[in-house]
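These notes are about the structure you will find just below.
Read the numbers this way: they start at 1 and go in the same order the structure lists the ligands and their atoms.
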Amino acid sequence: MRLAPRHLADLDPAGRRAWAQELGYPGMRAAQLATHYFGHLTADPAAMTDLPAGTRAELAATFLPPLLTPVAQQVADGGRTVKTLFHLHDGIAIETVTMAYPDRVTVCVSAQAGCGMGCPFCATGQLGLQRNLSAGEIVEQVRQAAALARDRDLGRLSNVVFMGMGEPLANYSAVARSLRAISEAPPAGLGISARNLTVSTCGLVNGIGRLAAEGLPVRLAVSLHAPDDELRDRLVPVNRRWPISQVLRAAHGYFAASGRRVSVEYALIRDINDQQWRASLLAERLTHYGTGWVHVNPIPLNPVAGSVWTASRPEAENAFVETLRRAGLTVTLRDTRGREIDGACGQLAAKEAKANG
Ligand code: SF4
């Protein structure tokens, strides 16, 4: 696994300054480059007219090396959903989806190439873990999405969700650094409010604790997918290490520490986890901590080609949601944006990985 080249977005402002000085440049060059990168969303030396003409190209190549090369793009929803397949510097593929809604523009980023968590219904899970992404590679997905949203007149990028490929909390340090670089005001960062960042986990209890201690008001989303350990052990194998009771305790602890309501994600899979008794059990387990701390997001499963897992019938979906609502829980049936373009996380990159053998 070759690490990504070092990039300005891997470091905090003091580290950037020190790096520039180490290489013999005035420390202010780091702040000037950061203004272009985070403030103007550009890494193009031609646009950096405040830098000495003779060193512009060299500075950009050193501090802002290209980390992501777009190799394919799929557009849906009348141009309001754009999925980009990128190659990292070592040729590994990842993907990023930008979605424009009437009130916000959201990008869904990948935190790892592939994923080692092995959930059997998920395209990324079938790939296994290829490698962790660096903080720079994560921030660069957001920077490119912000530039894309601006250039396509979709509006200003306002939200970032870590729901693409990989398990963010299994790549903790890079994710935590990227959260800071995304949320700090320019020129230190991209200036997207930490309250609009969502970190999604399949239930790494130790990572949830670390994130709570980070003191950033980001939203936590927990992919639960089953209310009983017997089924969850199969659907989300990491459950064998951290069972549901521990995951929910940690999630509630996150709410208590951050004051942010936790999202519980539940992929509705036909005849697997969408029965009435499971809806009741889910309601019971969540309301154990009251109703105000959690928001449930059931989402019809986006089927992976060739898989036996498929989305619930609409009647089962509605009955499931009703049961949760009757228990006093806030529930939003998530849309399936991007379904027409290989919408489930990892499907585009998974396809490419398979095609490459
Ligand atoms: S569902 Fe999430 S955690 Fe599970 S394999 Fe897929 S990407 Fe990894």
- Task: Below 4.0 angstrom from a heavy atom of G166, which ligand 1 atoms are there? Numbered from 1 as shown, please.
- Result: 7 (S)
- Query: Going by the order shown, which atoms of ligand 1 are within less than 4.0 Å of some heavy atom of M117?
  - Reply: 3 (S), 8 (Fe)
- Message: Assess whether a salt bridge exists between D229 and R240, defined as any Lys/Arg side-chain N lying under 4.0 Å from an Asp/Glu carboxylate O.
- Response: no
- Heteroatom N/O/S of C115 within less than 2.8 Å of atom 8 (Fe) of ligand 1: yes
- Message: Taking V294's backbone N and O only, do any of them form a donor-acceptor pair with H252's side chain (distance below 3.5 Å, no angle check)?
- Response: no
- Query: Between atom CD of Q21 and atom CE of M28, what is the distance when rounded to the nearest 0.5 Å?
  - Reply: 12.0 Å
- Message: Using 2.8 Å as the threshold, say whether any N, O or S atom from C122 sits that close to atom 6 (Fe) of ligand 1.
- Response: yes
- Message: Among residues at least two apart in sequence or on other chains, which ones pass side-chain contact (heavy atoms from CB on, under 4.5 Å) with R232?
- Response: L224, A226, V236, N239, I244, V247
